Amino acid sequence: IMAENKITKKELNSMFWRLNMLQSSWNYERMQSLGYLYSIAPALNKIYADEPKEERVKAIQRHLEFFNTMPSFTAPILGINAAIEENQKNEAGSVISALKVALMGPLAGLGDSIVWFTWRPICFSIGASFCAAGNPLGLIISLLMFNVLNQAIKYYGIHIGYREGVK
């Protein structure tokens with residue numbers, strides 16, 4: 001049974017902006033887990049607003065488990081997990097945890113290949129050629145080019161992951 005959607009575009013957009021801080025609290029024990037929790041918090045706050053405190057605490061603890069993948073490709077995982085949380089809450093706790101573990105590795109490999117090892121060298125090679133020609137805007141051009149794709153992956157990853165998540 002599909003629950004009524006509590007998560008709106010506002011929460012999804014908030015998750016997108018927060019995802020940019022994913023690695024700001026990286027640590028050697030659970031790696032990106034605190035950043036992941038920070039990113040999904042707007043959805044959890046909306047989903048568990050009318051639930052007993054203990055239910056929200058269970059969800060928070062679940063999202064503080066070990067997590068590590070390519071930052072941009074965390075977006076679809078966030079979207080999918082938000083959809084499952086919304087529809088099944090803590091009843092699907094083991095499914096949510098298993099899904100995160102199952103997607104971390106493949107999305108890390110895909111993201112590293114696309115973003116770090118292909119797109120970034122292209123962007124910074126173009127920027128370096130501008131700088132070598134004496135144009136001081138080379139670095140800015142590189143960063144703009146890089147982030148057009150990087151931010152698009154995050155934004156659409158969260159929105160599409162949420163829309164398709166339970167399917």
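Sequential numbering from 1 along the given sequence is applied to the chain's residues. Keep in mind the model is a prediction, meaning the values are calculated, not measured.
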- Query: Can you name the nearest heavy-atom pair linking Gly138 to Cys131, along with the distance?
  - Reply: CA-SG, 3.7 Å
- Message: I'd like to know if Glu51 and Lys58 make a salt bridge, using a cut-off of under 4.0 Å between side-chain N and carboxylate O.
- Response: no
- Message: Is the shortest side-chain heavy-atom distance between Ile77 and Leu99 below 4.5 Å?
- Response: no
- Message: If we count only N and O atoms by modelled type, under 3.5 Å, do the side chains of Arg120 and Asn150 hold a donor and an acceptor together?
- Response: no
- Message: With ring pair (Phe, Tyr, Trp, His ring centres under 6.0 Å) as the criterion, how do Phe146 and Trp116 come out once you've worked through the C-alpha distance, each side chain's angles and the decisive distance to 0.1 Å?
- Response: CA-CA 10 Å; Phe146 176 78; Trp116 293 135; 5.7 Å; yes
- Residue pair Cys123 / Ser142: nearest heavy atoms and the distance that separates them: O-OG, 3.1 Å
- Message: Could you check whether Ser14 and Glu11, counting side-chain N and O atoms only, form a donor-acceptor pair closer than 3.5 Å?
- Response: no
- Message: Any heavy-atom pair between the side chains of Tyr162 and Leu78 that's under 4.5 Å?
- Response: no
- Message: Centre-to-centre under 6.0 Å for Trp26 and Tyr28, is that the case here?
- Response: yes
- Query: Between Tyr155 and His159, is any pair of side-chain heavy atoms under 4.5 Å apart?
  - Reply: yes
- Note on the structure: Tightest non-hydrogen contact, residues Thr69 and Met104, listed as OG1-O, 2.7 Å
- Within 6.0 angstrom of Asn27 CG, more than 12 heavy atoms from elsewhere: yes
- Task: Write down the atom of Leu22, the atom of Pro71, and the distance for their closest heavy-atom approach.
- Result: CD2-CA, 3.7 Å
- Query: Any idea which heavy atoms bring Phe66 and Glu29 closest together, and the distance?
  - Reply: CD1-O, 3.7 Å
- Query: Between atom OG of Ser39 and atom CG of Asn20, what is the distance when rounded to the nearest 0.5 Å?
  - Reply: 8.5 Å
- Message: How close do Lys6 and Lys89 get, counting heavy atoms only, and between which atoms?
- Response: NZ-NZ, 4.3 Å
- Task: Any chance you could lay out the side chain to side chain contact (heavy atoms under 4.5 Å, CB included) test for Leu110 and Met70, step after step, and finish with the verdict?
- Result: CA-CA 8 Å; Leu110 183 62; Met70 197 279 179; over 6 Å; no
- Query: Is there a side-chain contact between Arg56 and Ile60, using heavy atoms and a 4.5 Å cut-off?
  - Reply: yes
